[in-house]
Each structure stands twice: as structure tokens, then as C-alpha cells.
Amino acid sequence: MSSGVWAVIPAAGRGRRFGGELPKQYLQVAGAPLIAHALDAVLSHPAVQGAIVVIAADDPHWPGWTQRAGKPVHACIGGDERADSVLAGLQGLPREVAGDAWVLVHDAARPNLATGDLDRLLATALASGDGAILAAPVRDTLKRAGSDGAIDRTEPREQLWRALTPQLFRRDVLARALESAAAAGVAVTDEAMAIERVGGNVRLVEGREDNIKVTTPADLALVEFLLSRRADAAGAATVPKGQLAP
Ligand SMILES: Nc1ccn([C@@H]2O[C@H](COP(=O)(O)OP(=O)(O)OP(=O)(O)O)[C@@H](O)[C@H]2O)c(=O)n1
Ligand SMILES: C[C@](O)(CO)[C@H](O)COP(=O)(O)O
């Protein structure tokens, strides 16, 4: 029976808000497609045993990876909505992955996940037994728009957080919650919403604000900078002391 954590990587989106022909998860940034950065960020963690990538039925761009970072990579077909794709990924995990195994869901469009954040997410869930998500406290003042496009009112921002990914839950608990939401016709935009809906407890783990989801072209320049800086830092770290990087 598999005891490690498995990753479900939803990557079946069309990138409509981003635009362009190539789905954003395949855009090359800092020498690799966004999906590769996201996949490697989770697979490089010692607690993560493997991943299943959820792709669109007609996706001609999927490279067909069967392993990365020395770990198994599976693939399956997603659905019309992100929640459908996540459920397909849970159902497509290898048979040996137990029903009570911890599974993390991480967007292919979030390439800049920090190892330390993943460490703390895993530690929080394993210590509490509850599901947990990375999230960032809201730092801006929030306005609710009126029907005329002007400000209707300012929303109190205390206790408000922006949900990020990964989101970590036990496989069967999450699958049942997603199936319940779908059966009720409730559109859930993240895994935690499905769990909340059925009364589950979900811990908030503060994550880095630079764990951004590439959604529009404006996000790309920032992600390019972040990933290039990360690659430089990794390169510098592998140069023996006293020598200059090539
Ligand atoms: N039916 C879907 C929709 C989205 N996703 C994935 O969920 C993640 C977050 O979704 P989002 O940023 O909304 O991506 P898209 O749906 O591609 O973007 P858009 O809504 O602009 O089309 C992405 O990695 C995307 O590939 C998915 O697996 N299946
Ligand atoms: C899951 C998520 O990334 C958490 O913020 C977000 O809900 C995805 O939303 P999207 O519209 O599917 O990108």
C-alpha cells in the first residue's frame, strides 16, 4: 500500500483569460514550460511519491512524461471545470494509493511554489489530521462594485485570505466532497470549498505571496523574473565555495 503523498496537477484548462493559442501551462518560462516548474516543485519534496497530471482530452502539447525528479508521473483526462479535473485525477491515481492517503492538489499554472511552504503545509495537515491549504492574508482594501460600476462599499478585510495551492486532503474525503458538490450542482472553485460545504475542517497555512497563478499576460513577466531568480540562486548554490559560477 502506498504511504507517501501523491500530487494531482490540474492542467486541463484552456487559458481563456490569458489568451493565445498555446494553453498557458505550456508557456516556456526560465527554460521550461510552466507545468514542468509546478510539477518539479511538488515532486522534488521527499514526502511526495508521485503525481498524476490531468490534461484536456484533445491536448496535443502534453509531453507524455512518465517520470520527473525520479518519481512516477501518470496522466488522465480532465473535465469541463477545474473541479471535474481534480476529481478525475483522484479517480485516476494508481490503485495502490490508499483511500486515506494524503493527496495534494496543485495548479499547473502556479510554477513558483516554495519548498518551505510545502513543508509547512504537510506538517500542519499531518499534525492536525485536518485538510490544509496554502493561503495569503488579504493586504489590499477590498471594494464591492455597485451595478453602476462605482464603489458600493468597502468590505472588511480582517480574517480574509486568498486561497492558493497546494491544497492537501485525504483522497477519499476529497473525492466524496467533490462528488457531493457536483451532485448538488454547486460549482466549487477550490478543493477547500467542497470540504467546507460538507462540514470539514480546513487549516489555513500562510504561504508566500509569490506563489502566483499565471492567469493573464500581466502575470507572466513577474513569473519570469521569479523563476529566473530561482534558477540563478540554484545555480549559485551548486558552485563550490571560492569558485565563480561559469
Ligand atoms: N477544466 C479545467 C480548468 C482548469 N484546470 C486547471 O486548473 C488550474 C487553475 O485554473 P485556471 O487558472 O482558471 O486555468 P484555466 O481554466 O486554463 O484559465 P481560464 O479560466 O482563463 O480559461 C490550471 O492549471 C488549469 O489548467 C483544469 O485542470 N481543468
Ligand atoms: C484553486 C485556486 O487556484 C485557488 O485560488 C483558484 O480557485 C483557481 O481558480 P481558477 O479560476 O480555476 O483559476
Side-chain angles (χ1 to χ4, degrees), residues 7-27 29 32-42 51-63 73-93 103-113 117-118 121 131-140 142 160-169 174 177-178 181-182 186-197 202-220 222-223:
V8 172
I9 309 291
R14 304 287 178 191
R16 292 183 183 87
R17 286 170 287 180
F18 193 93
E21 287 304 305
L22 184 67
K24 62 188 181 184
Q25 55 269 34
Y26 294 110
L27 290 171
V29 175
L34 291 181
I35 188 171
H37 291 287
L39 199 44
D40 292 348
V42 297
I52 186 164
V53 180
V54 190
I55 61 175
D58 56 350
D59 181 351
H61 309 289
W62 169 240
V73 174
H74 299 256
C76 73
I77 302 302
D80 293 339
E81 302 301 329
R82 182 181 175 282
D84 303 320
S85 296
V86 172
L87 183 55
L90 292 170
Q91 293 165 341
L93 284 168
V103 175
L104 67 84
V105 181
H106 183 54
D107 292 333
R110 289 185 190 269
N112 195 46
L113 171 64
D117 280 6
L118 186 46
L121 179 72
I133 72 167
L134 288 181
V138 166
R139 306 247 189 254
D140 302 308
L142 298 178
L160 284 185
W161 292 63
R162 291 185 300 110
L164 309 171
T165 68
Q167 303 200 2
L168 179 60
F169 300 97
L174 180 55
L178 289 169
V186 173
V188 295
T189 55
D190 74 343
E191 290 65 64
M193 185 176 166
I195 299 287
E196 296 156 39
R197 187 178 160 275
V202 183
R203 304 287 174 120
L204 286 164
V205 177
E206 185 167 353
R208 294 169 57 108
E209 304 226 19
D210 61 8
N211 175 11
I212 68 170
K213 178 166 68 76
V214 174
T215 306
T216 67
D219 300 318
L220 206 58
L222 177 52
V223 156

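Each ligand, and each atom within it, is numbered from 1 in the order the structure gives. Residue indices begin at 1 and follow the sequence shown. Being a predicted model, the structure only gives us computed values, none of them experimental.
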*Going from CG on Asp117 to CG on Leu164, what distance comes out if it is rounded to the nearest 0.5 angstrom?*
8.0 Å
*asked:* Using side-chain heavy atoms (C-beta onward) and a distance below 4.5 Å, is Tyr26 in contact with Ile35?
replied: yes
_Test your reading of the model: is there a side-chain donor-acceptor pair from Asp84 to the backbone of Glu81, 3.5 Å cut-off?_
yes
Tabulating one pair per line, provide the atom names and distances (0.1 Å) for every N/O atom of ligand 2 that is less than 3.5 Å from a protein N/O atom.
{"from": "ligand 2", "atom 1": "3 (O)", "to": "Asp107", "atom 2": "OD2", "distance (Å)": "2.6"}
{"from": "ligand 2", "atom 1": "3 (O)", "to": "Arg110", "atom 2": "NH2", "distance (Å)": "2.9"}
{"from": "ligand 2", "atom 1": "5 (O)", "to": "Arg110", "atom 2": "NH2", "distance (Å)": "3.3"}
{"from": "ligand 2", "atom 1": "5 (O)", "to": "Ala163", "atom 2": "O", "distance (Å)": "2.6"}
{"from": "ligand 2", "atom 1": "7 (O)", "to": "Thr189", "atom 2": "O", "distance (Å)": "2.7"}
{"from": "ligand 2", "atom 1": "11 (O)", "to": "Arg17", "atom 2": "NH2", "distance (Å)": "3.0"}
{"from": "ligand 2", "atom 1": "13 (O)", "to": "Arg17", "atom 2": "NH2", "distance (Å)": "3.3"}
{"from": "ligand 2", "atom 1": "13 (O)", "to": "Lys213", "atom 2": "NZ", "distance (Å)": "2.7"}

*Side-chain contact test, heavy atoms from C-beta onward, threshold under 4.5 Å: evaluate it for Arg139 versus Arg162 and give yes or no.*
no
*Taking atom OG1 of Thr165 and atom CG of Leu104, what is their separation to the nearest 0.5 Å?*
8.5 Å
*To the nearest 0.5 Å, what is the distance between CG (Leu27) and CG (Asp219)?*
11.5 Å
*Are any side-chain N or O atoms of Asp107 and backbone N or O atoms of Arg110, one a donor and one an acceptor, separated by less than 3.5 Å?*
no
*asked:* Return the CD to CE distance between Gln167 and Met193, rounded to the nearest 0.5 Å.
replied: 11.5 Å
_Spacing of Asp210 atom CG and Asn112 atom CG [to the nearest 0.5 Å]_ = 4.5 Å
*Got the residues with a heavy atom under 4.0 Å of ligand 1, by chain and number?*
Pro10, Ala11, Ala12, Gly13, Arg14, Gly15, Arg16, Arg17, Lys24, Gln25, Gly79, Asp80, Glu81, Arg82, Ser85, Asp107, Ala108, Ala109, Lys213
